[in-house]
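See below for the structure under consideration.
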2 protein chains.
Amino acid sequence: MSDLLERLRGRGWRLTAQRRVVAEVLDGDHVHYTADEVHAKAAHLLPEISRATVYNTLGELVSLGEVLEVSTDGRAKRYDPNAHHAHQHLVCSRCGTIRDVHPSGDLLAELPAEERFGFQVAAVEVTYRGICPNCAS
Amino acid sequence: MSDLLERLRGRGWRLTAQRRVVAEVLDGDHVHYTADEVHAKAAHLLPEISRATVYNTLGELVSLGEVLEVSTDGRAKRYDPNAHHAHQHLVCSRCGTIRDVHPSGDLLAELPAEERFGFQVAAVEVTYRGICPNCAS
DNA sequence: TCTTGACTTAGACAGAGTCCAATGTAGGAT
DNA sequence: ATCCTACATTGGACTCTGTCTAAGTCAAGA
């Protein structure tokens, strides 16, 4: 994530304080913040940053493929900076905690041709649900 | 789905015109309507039905396990009456069409113990994404 | 250092869903 | 058959996420 800003500048991004701060908040591979959480944390570093900018920046990072959008609960989307390693999610049904996980097997291959209905299937997202150790006790 | 109302009455549900109509709209195993679509169709049968009642009724059907909540796009949730046959979803990335599909293999078993982080894993949801034949042409 | 087009801002707006107090009614009791 | 009352419905206000816009700001190339 540290060279993210360089990569983005190479793609014509203007390097503003706001974008720097959003990238900094998303640094660390295993966070799954909502846009509002990102905004709150960013505002801690740069108090005058606006909600709109956070949404804009997150949207750009997603279309550039640098961050993944995850919606596990039908409420706010979460942003996952771990975009360069394929992974799936394990979600606690009680507290909402999310962990990145790596199932075995070729998930895409498990959809038989006769179940594809002529679709060109390109991707698969898996969400495991359960109770985390914390909530279980 | 036809004996749904009987089953629910057995569980102490009051059988109102509104609930009957919502159940009727969801009849048919392969629909995936949003709450607003359900409301529109229900209002066609019972014009004075309110949005709040549709939301209430859908929520009750979900907690009773008679209907599944599906959120494939981060926008409105969709309601899937095909709750008694395990299945997954195949979604067109362009038009949003949803099909019920049945992958081979035991999806739950594919999350190795060392990837469970102590969770009691109970369920798995899979969304395949691709382009439907209609949009591809 | 100047210039300019890209970026940011605040706040209005929109879509999806929830909540609440007032009103209505299903279905058991009489 | 009618009455009662706890449960259901209503509409409108409200919340939460997210988008849009017009005006102001600024990064970075000339």
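We name chains A, B, ... by the order of the sequence lines, and we start the count at 1 in each one. In this text, all values refer to a predicted model and were calculated from it rather than measured experimentally.
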Subject >> Rounded distance in Å - CH2 (Trp13(A)) to P (dA28(D)) >> reply: 12 Å

Original post:
Which nucleotide of DNA chain C is the first, and which the last, in the 5' to 3' direction, to come under 4.0 Å of a heavy atom belonging to chain A?
Top reply: dG5(C) to dA10(C)

Original post:
Of the nucleotides dG11(D), dT17(D), dC20(D), which has the atom closest to the Ala52(A) side chain?
Top reply: dC20(D)

**OP:** Could you state the atom-to-atom distance from CZ of Arg14(A) to P of dT25(D) in whole Å?
**Re:** 15 Å

Subject >> Gap between atoms CG and P, on Leu8(A) and dA27(D) respectively (whole Å) >> reply: 17 Å

**OP:** Mind calculating the distance between CD (Glu48(A)) and P (dG24(D)) to the nearest angstrom?
**Re:** 18 Å

Original post:
On DNA chain D, nearest-nucleotide positions of Glu60(B) versus Arg51(B): which is more 5'?
Top reply: Glu60(B)

**OP:** Starting at atom CZ of Arg20(B), determine the distance to atom C1' of dT9(D), rounded to an integer number of angstrom.
**Re:** 15 Å

Original post:
When the nearest nucleotide of DNA chain D is assigned to Leu15(A) and to Tyr55(A) on a heavy-atom basis, which residue is associated with the more 5' position?
Top reply: Tyr55(A)

**OP:** Report the distance from atom CD of Gln18(A) to atom CG of Leu45(A), rounding to the nearest 0.5 Å.
**Re:** 12.0 Å

**OP:** Round to a whole Å and report the spacing from CZ of Arg75(A) to P of dG18(D).
**Re:** 10 Å

Original post:
How many angstroms lie between CG in Leu5(B) and CZ in Arg20(B), if you round to the nearest 0.5 Å?
Top reply: 6.5 Å

Original post:
OP1 or OP2 of dC26(D) less than 4.0 angstrom from a side-chain nitrogen or oxygen of Gln18(A), does that happen here?
Top reply: no

Original post:
Could you state the CG-P distance from Asp36(A) to dG18(D), rounded to the nearest angstrom?
Top reply: 7 Å

**OP:** Determine the contact category for Thr53(B): base if any of its heavy atoms lies under 4.0 Å from a base atom, sugar-phosphate if only primed atoms, P, OP1 or OP2 are that close, otherwise nothing.
**Re:** base

Subject >> Salt bridge present between Glu115(A) and Arg99(B) (N-O < 4.0 angstrom) >> reply: no

Subject >> Shortest side-chain distance from Arg19(B), nucleotide among dA27(D), dT9(D), dC7(D) >> reply: dT9(D)

Subject >> Residue pair His32(B) / Asp100(B), side-chain donor-acceptor N/O under 3.5 Å >> reply: yes

Original post:
If you find the nucleotide of DNA chain C closest to Arg9(B) and the one closest to Asn56(B), which residue's nucleotide is nearer the 5' end?
Top reply: Asn56(B)

Subject >> Earlier contact from the 5' end, DNA chain C, for Ala35(B) and Gly12(A) >> reply: Gly12(A)

**OP:** Please check if atom CG in Asn134(B) has more than 12 non-hydrogen atoms from other residues, nucleotides or ligands closer than 6.0 Å.
**Re:** no

Original post:
Passes side chain to side chain contact (heavy atoms under 4.5 Å, CB included), Leu26(B) versus Leu58(B)? Steps please.
Top reply: CA-CA 10 Å; Leu26(B) 285 177; Leu58(B) 289 172; 3.7 Å; yes

Subject >> Test applied, ring pair (Phe, Tyr, Trp, His ring centres under 6.0 Å); reference residue, His87(B); option that passes from His85(B), His84(B), His89(B) >> reply: His89(B)

Subject >> Nearest-Å distance for atom pair CD1/P, residues Ile49(B) and dG11(D) >> reply: 11 Å

